Amino acid sequence: SQTIHQWPATLVQPVGSPLSLECTVEGTSNPNLYWYRQAAGRGLQLLFYSVGIGQISSEVPQNLSASRPQDRQFILSSKKLLLSDSGFYLCAWSPLSRGAQYFGPGTRLLVL
Amino acid sequence: SQQGEEDPQALSIQEGENATMNCSYKTSINNLQWYRQNSGRGLVHLILIRSNEREKHSGRLRVTLDTSKKSSSLLITASRAADTASYFCATDVTGNQFYFGTGTSLTVIP
C-alpha cells in the first residue's frame with residue numbers, strides 16, 4: 001500500500017532563517033506531488049505541484065521554492081522565512097492526473 | 001480566484017440527523033472532490049464525482065453535482081459523533097491543479 005511521510009510535524013523558526021520541509025511517498029511510482037499551505041481556520045492554497053522529477057509548477061509568487069530531486073521526494077524550501085510563512089503545510093500525492101489526492105499528516109510551521 | 005466556497009461555514013446537528021453542505025465554484029471543471037479534515041490533521045479523500053456525473057454514493061455519503069449552476073452538495077446521512085470534522089470541496093480544473101474551498105465545520109452532538 002502507499003504511504004506518504006512528512007517531517008517534521010512541528011517547527012518553530014526565527015524570521016530570516018532557512019526552511020526545508022521534506023515529503024516522501026512509498027509504494028507508488030511517478031506520482032503527481034503537491035504542496036499546500038493552510039492558514040488557521042481557512043482552506044488550502046496550492047503552492048506547487050510536480051508531474052515528474054525536476055518538473056515544478058508554481059501557483060503563486062512567494063518566498064518559497066520547491067524541488068523534486070527523486071521520483072518520490074518533494075522538498076519545500078525557503079532561504080529566508082517571513083512571519084507570513086507561518087501556517088500548516090501539507091504534502092499530497094495523486095496516482096494520476098484528474099485523480100484523488102492523498103495527504104500527509106502536515107507540518108505546522110510557526111515563524112517568530 | 002478559482003477557489004470554491006462551502007456553505008454553511010459551520011453546522012451543528014444531533015447524532016442521527018442528516019448533514020448537508022454545499023460547494024460553489026467559478027470555472028469549468030474535470031471533476032469535484034470532497035475531503036474531510038480532523039482538527040490538526042491531513043485531509044482524507046471521501047469521494048470524487050466527474051463532470052459528466054450528476055450523483056454519486058459511497059456508504060452514508062451522497063454527492064450531487066450541477067455543472068450548470070457550478071455547485072455541488074455533500075449529504076451525510078445518519079450522522080455520528082465521529083463525523084465531526086471540517087469538510088472541503090476541491091475542484092480539478094486542469095488535471096493537475098486543485099482548488100479547495102474554505103470548508104464547512106461540522107459538529108455532531110452525541
Side-chain angles (χ1 to χ4, degrees), chain A residues 1-10 21 23-25 30-52 55-60 66 68 74 87-110, chain B residues 1-10 21-53 56 58 61 63 85-107:
Chain A
S1 65
Q2 300 85 9
T3 310
I4 180 168
H5 302 280
Q6 262 189 266
W7 64 90
T10 305
L21 301 181
C23 171
T24 59
V25 181
N30 197 30
N32 289 354
L33 296 171
Y34 307 85
W35 278 111
Y36 291 89
R37 178 170 58 204
Q38 184 178 31
R42 304 292 297 277
L44 277 68
Q45 180 187 31
L46 178 62
L47 300 176
F48 301 95
Y49 69 92
S50 171
V51 298
Q55 300 179 60
I56 309 294
S57 297
S58 174
E59 274 294 287
V60 294
R68 184 171 178 174
F74 206 22
F88 191 44
Y89 288 82
L90 289 156
C91 180
W93 74 277
S94 175
L96 74 167
S97 296
R98 303 187 182 186
Q101 292 182 79
Y102 301 93
F103 284 80
T107 294
R108 193 162 303 281
L109 173 66
L110 180 60
Chain B
S1 170
Q2 294 166 300
Q3 190 174 43
E5 289 189 11
E6 282 91 344
D7 171 63
Q9 288 188 325
M21 51 205 86
N22 304 294
C23 169
S24 60
Y25 57 92
K26 298 179 180 178
T27 64
S28 296
I29 61 173
N30 295 314
N31 63 64
L32 185 144
Q33 303 173 27
W34 284 91
Y35 291 82
R36 183 186 73 229
Q37 183 181 34
N38 289 90
S39 181
R41 309 291 295 274
L43 279 72
V44 175
H45 179 259
L46 296 176
I47 195 165
L48 180 155
I49 185 167
R50 305 194 186 285
S51 60
N52 61 354
E53 297 176 311
K56 203 162 184 178
S58 176
L61 305 179
V63 170
S86 292
Y87 291 82
F88 295 89
C89 68
T91 52
D92 175 355
V93 176
T94 68
N96 294 312
Q97 293 165 283
F98 297 81
Y99 297 96
F100 281 77
T102 50
T104 292
S105 177
L106 173 66
T107 301

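In what follows, chains are A, B, ... by sequence order, proteins preceding strands, each numbered from 1. Just so it is clear, the structure is predicted and the values come from calculations on it, not from any experiment.
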Colleague: State whether the side chain of A:Tyr49 and the backbone N or O of B:Phe98 hold a donor-acceptor pair below 3.5 Å, judged by distance alone.
Modeller: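 No: the side chain of A:Tyr49 does not pair with the backbone of B:Phe98.
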
Colleague: Against chain A, label B:Gln97 side chain, backbone, both or neither, depending on which of its atoms sit under 4.5 Å from a heavy atom there.
Modeller: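 Its backbone and side chain both get close to chain A.
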
Colleague: Answer yes or no: are there more than 12 heavy-atom neighbours, outside B:Glu53 itself, under 6.0 Å from its atom CD?
Modeller: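 Yes, because the 6.0 Å sphere around CD of B:Glu53 holds more than 12 heavy atoms from other groups.
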
Colleague: In chain order, what residues pass the side-chain contact (heavy atoms from CB on, under 4.5 Å) check against A:Thr24, with sequence neighbours excluded?
Modeller: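 A:Thr24 satisfies side-chain contact (heavy atoms from CB on, under 4.5 Å) with A:His5, A:Trp7, A:Glu22, A:Gln73 once adjacent residues are dropped.
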
Colleague: Heavy-atom cut-off 4.5 Å, strictly under: side chain, backbone, both or neither for A:Gln38 against chain B?
Modeller: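 When you check distances to chain B, only side chain atoms of A:Gln38 fall under 4.5 Å.
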
Colleague: Please name the pair of heavy atoms, one in B:Arg41 and one in A:Phe88, separated by the smallest distance, quoted to 0.1 Å.
Modeller: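 Result for this residue pair: O-CE2, 3.5 Å.
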
Colleague: Taking only residues two or more places apart in sequence or in another chain, which ones pass salt bridge (Lys or Arg N to Asp or Glu O under 4.0 Å) with A:Arg37?
Modeller: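 By the salt bridge (Lys or Arg N to Asp or Glu O under 4.0 Å) rule, A:Arg37 matches A:Asp85.
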
Colleague: Roughly how far apart are A:Tyr36 OH and B:Phe100 CZ, rounded to 0.5 Å?
Modeller: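 Output value for this atom pair is 4.5 Å.
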
